[in-house]
Amino acid sequence: MRIFFFSFLWFSLPCYAADVLDDYLVVLAESAESLPFTATRGERIWYRQADGRSCTSCHMDSPKGKGRHQKTGKVIEAMAPSINSLRLTELKKMKKWLLRNCKWTFGRECTAQEKGDVLVWLRSQ
């Protein structure tokens, strides 16, 4: 019985994770004066430079590889959900990550449009 129960949870996790991200994208779209979110714009944001920083400063060029925090040297696991199944699965972590990293990289909180575009792009990786 336990094996069946744990197997059920393991197989249901990706569906739950997708639902969390999809639900958050709906909230972002409602709060944005937004165009539909696109991976193309998300990729541009990933590589956008601001005061010598971009997402690639810590996460490297590809979200499929490990990065390293520019100041602390701490290893950052891959951002792409196709490589790291834990990415984009928890709303609280997504919000915290976007707030902290947008402020550090761009000196401001990202707009709902920017957040949605980056999340759609990361999901496509």
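Computed from a prediction, not measured in an experiment: that's the story for all the values here.
- Nearest heavy atom pair, residue Q113 against residue L35, reads OE1-N, 2.8 Å.
- Residues R123 and L25 meet the side-chain proximity criterion, which asks for heavy atoms closer than 4.5 Å.
- Listed by first then second residue, pairs satisfying salt bridge (charged side-chain N to carboxylate O under 4.0 Å, His left out) with a partner in residues 40-52 read R41-D117, R48-E114, not counting sequence neighbours.
- Residues that satisfy the side-chain hydrogen bond (donor to acceptor under 3.5 Å, both in side chains) test with T56, not counting sequence neighbours, are S54.
- Considering every non-hydrogen atom in both W97 and V118, the closest pair reads CH2-CG1, 4.2 Å.
- Residues passing the side chain to side chain contact (heavy atoms under 4.5 Å, CB included) test with Q70, sequence neighbours excluded: R53, S57, C58, W104.
- Judged as a ring-ring contact (aromatic ring centres under 6.0 Å, His included), the pairs with a partner in residues 106-125 (not counting sequence neighbours) are, in order, W46-W121.
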Quiz prompt | Audit row: R108, C102, side chain to side chain contact (heavy atoms under 4.5 Å, CB included) steps and yes/no | solution = CA-CA 6 Å; R108 61 175 175 79; C102 286; over 6 Å; no
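- Nearest heavy-atom pair across Q125 and P63 is CG-CG, 3.5 Å.
- Counting heavy atoms from C-beta on, the side chains of Y24 and L88 never come closer than 4.5 Å.
- The closest side-chain heavy-atom distance from L99 to K95 is not below 4.5 Å.
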Show me the donor-acceptor pairs, under 3.5 Å and distance only, between side chains in residues 71-80 and residues at least two apart or in other chains.
{"unit_1": "T72", "atom_1": "OG1", "unit_2": "H69", "atom_2": "ND1", "d": "3.4"}
{"unit_1": "T72", "atom_1": "OG1", "unit_2": "K74", "atom_2": "N", "d": "3.2"}

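- I45 contributes atom CD1, which lies 8.0 Å from atom SG of C55 (distance to the nearest 0.5 angstrom).
- Looking at every heavy atom in both residues, T89 comes nearest to L86 through OG1-O, 2.7 Å.
- K93 is linked by a side chain to side chain contact (heavy atoms under 4.5 Å, CB included) to E90, counting only residues two or more places apart in sequence or in another chain.
- The distance from the NZ atom of K66 to the CD1 atom of I83 is 11.5 Å, given to the nearest 0.5 Å.
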Practice problem: Test E109 against K115 for side chain to side chain contact (heavy atoms under 4.5 Å, CB included), laying out the working first. | Solution: CA-CA 9 Å; E109 187 171 348; K115 292 174 188 177; 3.0 Å; yes
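- M94 approaches V20 most closely through the heavy-atom pair CE-CG1, 3.6 Å.
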Quiz prompt | L28 and L119: CA distance, side-chain angles, deciding distance, side chain to side chain contact (heavy atoms under 4.5 Å, CB included) verdict | solution = CA-CA 11 Å; L28 289 171; L119 291 170; 4.0 Å; yes
